[in-house]
Number of protein chains: 2
Amino acid sequence: MDDQAIPLDAETKAVEMPEDHREELRLWLRLLTCSTLIEGEVRRRLRERFDVTLPRFDLMAQLDKAHDGMTLSDLSKRMMVSNGNLTGLVDRLVASGHVVRTVSPTDRRAMVISMTEEGRTEFRTMAGEHEHWIADLFGDLNAKDRTDLMRLLAKTKLSARRAIKGDDQ
Amino acid sequence: MDDQAIPLDAETKAVEMPEDHREELRLWLRLLTCSTLIEGEVRRRLRERFDVTLPRFDLMAQLDKAHDGMTLSDLSKRMMVSNGNLTGLVDRLVASGHVVRTVSPTDRRAMVISMTEEGRTEFRTMAGEHEHWIADLFGDLNAKDRTDLMRLLAKTKLSARRAIKGDDQ
DNA sequence: GCTTATTGTTTTAAGCTTAAAATAATTTCC
DNA sequence: GGAAATTATTTTAAGCTTAAAACAATAAGC
């Protein structure tokens, strides 16, 4: 009866009442929606305009930054995908002539993946347009919005990493 | 030679120089990283803890909100995935006893998907833990951070929708 | 009522993704 | 130098995802 009348301090409340985390849930759903929405559109345009998939574009984006190629493991870490996934992805990019596989001169287990000349040229064209798409998709955010969002996402990333790191050791 | 010495006003600059959109690009990559990081962890925990996949969890989350079931098309719109995708997803959830298919009484083309009693019970357990995971993952954000991020993501979502709507009509 | 267009779903083919197991080469440690 | 552990990659099996085509039922326009 008196539940609502008795004021509780934050500590007591945290211990005695089941906490309400709906706000965080809504935040997560909104973050996911934004991400899904933009990613889907980028996928659609990459296919429509260049007949390329997002994973292939992402892989080439990594290779474009590294001048002397990268090993599968490096790519795997950077792209946050499994090694097995990359095997097939690289197969298809080799078949289409965008990248080549070479055995590492220093480690015979490792494969070094590098872009071909044509792959690089084609990627740069795609990347140029891609940058404009992103600018357009984020076009209604002003300079302050962008700075604030950047900072908050950085904080979110750290928070998530902290939660992930801590959960099994 | 004098390029750097001549000051240009914003308008002139915008027209004559290739614009630099690296900031928006970094913003997008950071948004995507956050989303991927959290989503990956949620997937991992759902599998580990309940042996369920994220798409199945998401589908059940939609059904849990709608008391009298939903048609495939409704689910497709809400979940932002293709119809064909849902066919297989529902197949598997029917096989595991979480949901049932019934033909719509008003439209013989439409299938109404609804949760079974056991499916609902199991989902609520999962949803309860899931909410805590999210609260933990976002745990380092204070109340103001959350409000600000919520607002900025809403703005981003609108901006993206505007850009998507406008691009082919 | 009949034709046409629309809507709802499934099928198909291709590609993406993962975890787990298998394979191969290197490094570490006696 | 040889056994054991680690590291790099591939294979496998299962599931997710999409676009496009096929199919089925309903709605709209005459």
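We name chains A, B, ... by the order of the sequence lines, and we start the count at 1 in each one. Keep in mind it's a predicted model, so treat the numbers as computed, not measured.
- At least one side-chain heavy atom of A/Arg151 sits under 4.5 Å from a side-chain heavy atom of B/Asp145.
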Please list every donor-acceptor pair under 3.5 Å in which a side-chain atom of residues 92-104 of chain B meets a protein atom from a residue at least two apart or in another chain.
from, atom 1, to, atom 2, distance (Å)
B/Ser96, OG, B/Arg92, O, 3.3
B/Ser96, OG, B/Leu93, O, 3.3
B/Ser96, OG, B/His98, ND1, 2.6
B/His98, NE2, B/Glu122, OE1, 3.3
B/His98, NE2, B/Glu122, OE2, 3.3
B/Arg101, NH1, B/Asp91, OD1, 3.0
B/Arg101, NH2, B/Thr87, O, 3.3
B/Arg101, NH2, B/Asp91, OD1, 2.9
B/Thr102, OG1, B/Val112, O, 3.2
B/Ser104, OG, B/Thr106, N, 3.2
B/Ser104, OG, B/Thr106, OG1, 3.1
B/Ser104, OG, B/Asp107, N, 3.2

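- Applying a 4.0 Å cut-off to non-hydrogen atoms, none of the residues of residues 59-72 of chain A approaches DNA chain C.
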Please assess B/Leu37 against A/Ile164 for the test side-chain contact (heavy atoms from CB on, under 4.5 Å), listing each intermediate value before the final yes or no.
CA-CA 9 Å; B/Leu37 191 64; A/Ile164 293 172; 3.9 Å; yes
All N/O donor-acceptor pairs, side-chain side in residues 60-67 of chain B, below 3.5 Å, sequence neighbours left out:
from, atom 1, to, atom 2, distance (Å)
B/Asp64, OD1, B/Arg120, NH1, 3.1
B/Asp64, OD1, B/Arg124, NE, 3.1
B/Asp64, OD1, B/Arg124, NH2, 2.9
B/Asp64, OD2, B/Arg124, NE, 3.4

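- Using a 4.0 Å cut-off between a side-chain N of Lys or Arg and a carboxylate O of Asp or Glu, B/Asp148 and B/Lys144 qualify as a salt bridge.
- Residue contacts for B/Ser76: at a heavy-atom cut-off of 4.0 Å it reaches no nucleic acid atom on any strand shown.
- Contacts between residues 99-111 of chain A and DNA chain D, counted as heavy-atom distances below 4.0 Å, involve A/Arg101, A/Arg109, A/Ala110, A/Met111.
- In summary, the aromatic rings of A/Phe123 and A/Phe57 are positioned with their centroids under 6.0 Å apart.
- Distance CG (A/Asn83) to C1' (C/dA21): 14 Å, rounded to an integer number of Å.
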For A/Glu23 and B/Arg146, run salt bridge (Lys or Arg N to Asp or Glu O under 4.0 Å): C-alpha distance rounded to whole Å, both residues' side-chain angles, the deciding distance at 0.1 Å, then the answer.
CA-CA 8 Å; A/Glu23 191 190 343; B/Arg146 294 196 298 263; 3.4 Å; yes
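- Using a 4.0 Å heavy-atom cutoff across all strands shown, A/Ser73 reaches sugar-phosphate atoms only and no base atom.
- Ring geometry for A/Phe138 versus B/Trp28: interplanar angle of 30 to 60°, hence tilted.
- The span of DNA chain D lying next to chain B, judged by atoms under 4.0 Å from heavy atoms, is bounded 5' to 3' by D/dG15 to D/dT26.
- Each of A/Met80 and B/Leu86 has a nearest nucleotide on DNA chain C; the 5'-most of these lies closest to B/Leu86.
- For B/Asn142, the CG atom is densely surrounded, since the number of other residues' heavy atoms within 6.0 Å is greater than 12.
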Under 3.5 Å, which donor-acceptor pairs link side chains of residues 73-81 of chain B to any protein atom two or more places apart or in another chain?
from, atom 1, to, atom 2, distance (Å)
B/Asp74, OD2, B/Thr71, OG1, 3.2
B/Ser76, OG, B/Val81, O, 2.8

